[in-house]
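Everything below concerns the one structure shown next.
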Amino acid sequence: MAGPDQAARATLRRFVNGFQISQAIHVAATLGIADLLADGARPIDELARETETDPEALYRLLRALAAADVFSEEEGRRFALTELGEGLRSDAPGSLAGWAAYIAGPASWQAWGALLHSVRTGENAFRHVHGADAWSWRTERPAESAIFDRAMMTTTRTMNRALVDSYDFGRFGTVVDVGGGNGALLAALLAAYPTLRGVLFDLPHVVAGADDVLRGAGVADRCRVVEGSFFDGGIPEGGDAYVLKAIVHDWEDPESLAILRACRGAMADGAVLLLIERVLGPPNEDLVTKLIDLNMLVHPGGRERTLEEYDSLLEVGGFELVGATSTPAGISVIEAAPSA
Ligand SMILES: C[S@@+](CC[C@H](N)C(=O)[O-])C[C@H]1O[C@@H](n2cnc3c(N)ncnc32)[C@H](O)[C@@H]1O
């Protein structure tokens with residue numbers, strides 16, 4: 001009888017142990033190691049001193065990550081950046097530093113640790129572990145909110161170019177970004193289209209961080225910032241396009257419908273709704289979106305959807321699907337118009 005396929009076993013083992021590399025990268029990102037190596041290789045004692053860590057434990061962390069090609073280990077316990085590690089610099093284009101700091105941080109780690117609970121019960125793991133939904137929990141914890149908002153901002157920045165290149169936002173006069181975080185998408189849209197105006201809408205503690213982002217992009221004079229909740233009727237009126245980027249996937253259908261209806265209530269008949277989301281791929285494909293879907297189950301308590309599912313949701317929420325434009329960033333712009 002043939003023995004097990006060793007290559008298949010090795011792949012499976014790599015998957016089973018994947019949490020180790022995720023946590024190791026999280027620690028290196030939280031300590032800012034990549035930024036400390038921006039000007040070249042440095043000895044472990046210096047890195048340990050600057051990060052206030054134990055030199056031997058830090059060495060063991062970095063040599064493991066060097067074996068994974070995230071850093072490179074040089075003569076005399078010195079470490080340097082590799083191409084992979086460059087992506088952990090906070091100033092790198094498309095930096096993953098903010099995401100790595102968030103996704104394997106204690107709050108997220110503990111929620112993912114309760115995935116089995118979610119699978120057994122269908123319940124949201126974050127709420128099970130932390131006793132509150134992710135949004136209320138972060139509202140009470142400014143430091144955690146800052147980590148999450150940075151992760152969102154830097155992730156959004158990796159997608160902005162692809163969005164602007166793939167979809168013509170320039171045909172609108174005013175874009176309202178509903179749940180727009182600290183303005184990373186609006187800043188890019190307003191920078192790309194000099195006559196476009198924007199309205200940023202999100203929870204008060206989130207838009208509090210928007211000024212720096214909008215000013216940094218030189219677009220603050222064309223953007224109004226409105227704080228509120230999309231469950232409390234606060235969505236601003238008067239936009240030509242209402243963007244919901246990575247919002248509907250945060251919620252199950254009842255809350256998603258409430259958000260869609262709140263947008264519809266704020267929109268004039270000729271305005272356009274733009275859901276910017278990943279579209280769930282067919283069976284046996286699209287691992288990235290299917291893992292994000294699990295992240296939605298664990299974290300906010302939402303789900304990724306197929307285009308057909310978005311179509312049905314939109315219809316019930318008072319909209320007609322106009323079309324979906326895919327982008328090289330893996331997200332799509334799903335355009336909908338208010339139903340007649
Ligand atoms: C996944 S993040 C997406 C942020 C941004 N659209 C982006 O793509 O970078 C979800 C956003 O929804 C916001 N949010 C959650 N609950 C909200 C509510 N009740 N009213 C308004 N915004 C809310 C969060 O603060 C967060 O900025």
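Side chains included, hydrogens not; waters and symmetry mates left out as well; all remaining heavy atoms used. Ligands are counted one by one from 1 in listed order, and the atoms in each one are counted from 1 as well.
- Ligand 1 lies out of reach of Gly234, whose nearest heavy atom is not under 4.0 Å from it.
- Atom 2 (S) of ligand 1 has its closest protein heavy atom at Met152 SD, 3.7 Å.
- For ligand 1 and Gly181, the ligand atoms under 4.0 Å from any heavy atom of the residue are 27 (O).
- Comment: Arg60 does not engage Asp54 in a salt bridge, judged by the lack of any side-chain N to carboxylate O separation of less than 4.0 angstrom.
- Regarding atom 7 (C) of ligand 1, its nearest protein heavy-atom neighbour is Thr156 OG1, 3.3 Å.
- When hydrogens are left out, the protein atom nearest atom 15 (C) of ligand 1 is Trp135 CD2, 3.6 Å; that is the closest non-hydrogen contact.
- Of all atoms in ligand 1, numbered sequentially from 1 with element shown, those under 4.0 Å from a heavy atom of Val206 are 25 (O).
- Checked against the 6.0 Å centroid threshold, His299 and Phe148 do not count as a close aromatic pair.
- In this structure the side chain of Leu65 reaches within 4.5 angstrom of the side chain of Ile25, judged on heavy atoms.
- In this comparison of Leu203, Val226, Ile259, Asp202, the heavy atom closest to atom 25 (O) of ligand 1 sits on Asp202.
- Under the 3.5 Å distance criterion, the side-chain polar atoms of Thr82 are matched with a main-chain donor or acceptor of Val70.
- In this structure, Asp293 CG and Arg303 CZ are separated by 7.0 Å, a value rounded to the nearest 0.5 Å.
- Within the listing of ligand 1, atoms 20 (N), 21 (C) sit less than 4.0 angstrom from a heavy atom of Gly228.
- When all heavy atoms are compared, the tightest approach of Pro338 to Met267 is CG-CE, 4.1 Å.
- At under 3.5 Å, a nitrogen or oxygen of Lys245, whether backbone or side chain, sits near a nitrogen or oxygen of ligand 1.
- Closest to atom 10 (C) of ligand 1, if we only count protein heavy atoms, is Asp250 OD2, 3.2 Å.
- The pair Arg215-Asp211 meets the salt-bridge criterion, since a charged nitrogen lies less than 4.0 angstrom from a carboxylate oxygen.
- The protein non-hydrogen atom at the shortest distance from atom 4 (C) of ligand 1 is Gly179 O, 3.4 Å.
- Counting heavy atoms only, Ser229 comes closest to atom 19 (N) of ligand 1 of the residues Ala246, Ala184, Ser229, Gly180.
- Which of Phe231, Phe148, Phe230 comes nearest to atom 21 (C) of ligand 1 through a heavy atom is settled by distance: it is Phe230.
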Derivation of the side-chain contact (heavy atoms from CB on, under 4.5 Å) call for Phe79 and Leu58 = CA-CA 11 Å; Phe79 287 89; Leu58 184 66; over 6 Å; no
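- In this structure, Leu185 falls outside the shell of residues with a heavy atom less than 4.0 angstrom from ligand 1.
- Per-residue contacts place Ile247 under 4.0 angstrom from the following atoms of ligand 1 (heavy atoms of the residue considered): 10 (C), 11 (C), 12 (O).
- A salt bridge between Arg89 and Glu86 is present, with a side-chain N of the basic residue lying under 4.0 Å from a carboxylate O of the acidic one.
- His117 and His128 have parallel rings, their planes meeting at less than 30° on a 0 to 90° scale where 60° marks the start of perpendicular.
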